[in-house]
Amino acid sequence: MAFAHHHWCRRHAPPTDSKIFSRFDKRDVSASLLLIGSLVAAFCALRSGIWLALGAAATPTFNSAQTVIITTAAAGIMILGYLQRNKELRNIAILVTLIGMGKVFFHDLLLMNGMPLVIGIFSFGLTAAVQSVVLGRWQSRSAREEQAAAPAAEAAAATSMKEATEP
């Protein structure tokens, strides 16, 4: 429901006469909280499903599966943001990656060993590689778009200068 509400909020702008949005949330950042809430709910649902499938609460396999959920979500959100050219999704993907990094380096490395640790670190490394490629392409695409827009902007500036100098 939170994801559907976020999607609706992005398709419909907040009312222009709203005192809350005009005073406190001019850029409608609060809709991002809906997306974050839906991601947390999805994580909890997947985590519960894995817990039921494994039948164990605090095993290294369960902890590794949580890491894989977080890092896979980060990579998926980043790819979705790239495909939709959505900076909000890109930023949330970076936030989820930072959460995954904290889990890998401050939880998994300290408390786990063996194959579950390798799987958790590998999934984070794979996510970092995917995001590196996506962010590199994002930057090159932005540069190409700026280059394509530059002649049009120069032509518009020349036209306006010409109109301003003509009597």
**Asked** Between I119 and T61, is any pair of side-chain heavy atoms under 4.5 Å apart?
**Response** no

Does any part of the side chain of T127, heavy atoms only, come nearer than 4.5 Å to the side chain of T72, both counted from C-beta?
no

Taking it one step at a time, do L35 and I92 satisfy side chain to side chain contact (heavy atoms under 4.5 Å, CB included)? CA-CA 9 Å; L35 180 59; I92 288 178; 3.3 Å; yes

Exercise for the section: Take F3 and L34 through the test side chain to side chain contact (heavy atoms under 4.5 Å, CB included) and record every step on the way to the result. Expected result: CA-CA 7 Å; F3 183 73; L34 291 169; over 6 Å; no

| task | Examine distances only and state if a side-chain atom of S132 and a backbone atom of A128 form a donor-acceptor pair shorter than 3.5 Å. | result | no

So CG of L39 and CG of L95: to nearest 0.5 Å the spacing works out to 9.5 Å

Value for CD1 (I79) from CD (Q131), rounded to nearest 0.5 Å, stands at 9.0 Å

Closest non-hydrogen atoms of F43 and Q66, given as atom of the first, atom of the second and distance, are CZ-OE1, 3.8 Å

Rounded to the nearest 0.5 angstrom, the CD1-CG distance for I77 and L89 is 7.5 Å

Quick note, ring-ring contact (aromatic ring centres under 6.0 Å, His included) partners involving residues 113-145, not counting sequence neighbours, are F105-F124

Distance col, row R47:CZ vs I70:CD1, nearest 0.5 angstrom, shows 9.5 Å

**Q.** Linked, directly or transitively: I69 and F62 (ILVMFWY side chains, under 4.5 Å)
**A.** yes

Across all chains, not counting sequence neighbours, the side-chain contact (heavy atoms from CB on, under 4.5 Å) partners of L135 are M78, R90

Q. Do F106 and M101 touch side chain to side chain, with heavy atoms closer than 4.5 Å?
A. no

Donor-acceptor pair, side chain of E88 and main chain of G81, under 3.5 angstrom:
no

Go through the steps for D108 and I121 under the test side chain to side chain contact (heavy atoms under 4.5 Å, CB included), then give the verdict.
CA-CA 8 Å; D108 294 356; I121 291 174; 5.9 Å; no

Backbone N/O of L98 and side chain of K103: donor-acceptor pair under 3.5 Å = no

Considering only distance and modelled atom types, tabulate donor-acceptor pairs under 3.5 Å from the side chains of residues 109-117, sequence neighbours left out.
none

Can you confirm whether H107 sits close enough to T67 that some side-chain heavy atom of one is under 4.5 Å from a side-chain heavy atom of the other? no

Scanning both residues in full, the closest heavy-atom pair of T97 with A74 reads OG1-CB, 3.3 Å

Can you tell if the side chain of L126 reaches within under 4.5 Å of the side chain of T71, non-hydrogen atoms only? no

